[in-house]
Amino acid sequence: MTSPRWMILVCFSLISVFGTGESLTIIVPEISNEQNSLPAIIAQMSRAIADLNASHKKLLVQQGRSGCNCNPSSLQACYSQRNLANRRLSSCNSQLRSLVAQRSSLLRQVSAFRSQYAAVVKQRAVLQSRLNVFTRYQNYGWKYYRGSFYYVSTSTATWVASRNYCTARGADLVVINDAFENNFTRGLKRKAWIGLYRSGSNWRWVDGSYLSSRASYWAPREPNNLGNREGHVEIRLFNILNSWNDEPWTTANYWICEKKV
Ligand SMILES: *[C@@H]1O[C@H](CO)[C@@H](O)[C@H](O)[C@H]1NC(C)=O
Ligand SMILES: *[C@@H]1O[C@H](CO)[C@@H](O)[C@H](O)[C@H]1NC(C)=O
Ligand SMILES: [Ca+2]
Ligand SMILES: [Ca+2]
């Protein structure tokens, strides 16, 4: 988690407003370590800008005056006083501009920080809920492999009862998405139900997707729909890559659940 570093480095910028002993102290706050004090920094900065603005106005008035009552005999002194006033005015001006720029840059940083912070909070919640799911299935004793937890049953049941077991635990019968997952599930070495069934003239997975020809692993001469009764799929020949068979749903098989995490 980034925590922008803010610090109230207090920089006393002494701006002498006028030659005759009058001076103005303006506190210019700068960035440092304490994010908490950001609103305070911005308030201080606004005050400093107001102060500077006020002295700017004084200078303008003073400059106008110094142009007036010039006695021709001391014209030289009058000019130099006026030049001095001009220089002070322009220095005051540039400090004012720089303070205003600093303040808006600070405001931009604050808003960037706020949105970063909100994003981090959101991410944290997502991570926390994923972690909860991980912990839950790990505690059930399910096996983790490439983004899912798997359960292989220790008893046998029909396809429908097997599926009910999985859905009651927030999971479903396994959906075999690729060759890795096919190898993994047959590696469990059980004649087991998977989440594939006949839907009209198609084969469909329990997640609603249709069987893709790129990732189907039918055993030789399957699916054969023997006796026109075979609408559900088991891993049968788990020792070979192409291991699936269609089978009547009432057969008692082991089963494999999958929970994506
Ligand atoms: C300075 O004050 C005037 C009014 O007194 C205001 O219009 C102006 O915006 C101020 N300038 C800054 C930079 O705050
Ligand atoms: C799956 O196992 C077969 C051997 O049974 C192997 O030829 C193939 O490369 C494996 N596929 C993957 C993606 O591991
Ligand atoms: Ca899967
Ligand atoms: Ca068959």
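Just follow the structure's listing: the first ligand is 1, and inside any ligand the first atom is 1.
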- Charged N-O contact under 4.0 Å between Glu181 and Arg146: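 Between Arg146 and Glu181 there is no salt bridge, as every charged N stays at least 4.0 Å from the carboxylate O atoms.
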- Donor-acceptor under 3.5 Å (Arg229 side chain, Asn225 main chain):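 Not a single qualifying donor-acceptor pair exists.
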- Message: Has Tyr144 got a side-chain atom pairing as donor or acceptor with Gly147's backbone, closer than 3.5 angstrom?
- Response: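 Pair found, side chain donor or acceptor close to backbone of Gly147.
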- Item | Euclidean distance, Leu131 CG relative to Arg124 CZ, rounded to 0.5 Å |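 One gets 11.0 Å once the value is rounded to the nearest 0.5 Å.
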- With the Ca ion (ligand 4) at the centre, find the angle made by OD1 from Asn245 and OE1 from Glu230, to 10°.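 Rounding to the nearest 10 degrees gives 150°.
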- Task: Among the N/O/S atoms of Glu222, select the one at the shortest distance from the Ca ion (ligand 4) and name it.
- Result: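 Atom name of the closest N, O or S in Glu222: OE1.
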- Asn177 near the Ca ion (ligand 3): N/O/S under 3.0 Å: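 Yes - counting backbone and side chain alike, Asn177 has an N, O or S atom under 3.0 Å.
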- Query: For the Ca ion (ligand 3), does an N/O/S atom of Val175 lie at less than 3.0 Å?
  - Reply: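 Given the 3.0 Å cut-off, Val175 counts as a ligand of the Ca ion (ligand 3).
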- Task: Restricting to N/O/S, name the atom of Glu181 that gets closest to the Ca ion (ligand 3).
- Result: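 It is OE2, the N, O or S atom of Glu181 closest to the Ca ion (ligand 3).
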- Query: Hey, is the Ca ion (ligand 4) within less than 3.0 Å of some N/O/S atom on Asp246?
  - Reply: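 Given the 3.0 Å cut-off, Asp246 counts as a ligand of the Ca ion (ligand 4).
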- Confirm or rule out an N/O/S atom of Asn224, from backbone or side chain, lying less than 3.0 Å from the Ca ion (ligand 4).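 Here the distance criterion (N, O or S atom, under 3.0 Å) is met by Asn224, so yes.
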- Please say whether the positively charged group of Arg186, taken as NZ for Lys or CZ for Arg, lies over the ring of Phe184, i.e. under 6.0 angstrom from the six-membered ring centre and within 45 degrees of the axis.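 No.
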- Message: Run the ring pair (Phe, Tyr, Trp, His ring centres under 6.0 Å) test on Phe149 and Phe134 for me, step by step, so that the C-alpha distance in whole Å, both residues' side-chain angles and the decisive distance to 0.1 Å come before the verdict.
- Response: CA-CA 8 Å; Phe149 277 99; Phe134 261 82; 5.3 Å; yes
- What residue and atom, counting heavy atoms only, is the protein's closest point to atom 12 (C) of ligand 2, and at what distance?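 The closest heavy atom on the protein side is Asn183 ND2, 3.2 Å.
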- Message: Quick check on atom 5 (O) of ligand 2 - does any protein heavy atom sit closer than 4.0 Å to it?
- Response: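 Yes, at least one protein heavy atom sits under 4.0 Å from atom 5 (O) of ligand 2.
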- Message: Could you walk me through whether Trp203 and Asp246 satisfy the side chain to side chain donor-acceptor pair (under 3.5 Å) test, starting with their C-alpha distance in whole Å, then the side-chain angles of each, then the deciding distance to 0.1 Å, before giving a yes or no?
- Response: CA-CA 10 Å; Trp203 291 98; Asp246 58 346; over 6 Å; no
- Message: Does the residue Arg186 have a heavy-atom contact with ligand 2, meaning some pair of atoms that are separated by less than 4.0 Å?
- Response: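 Heavy atoms of Arg186 do come under 4.0 Å of ligand 2.
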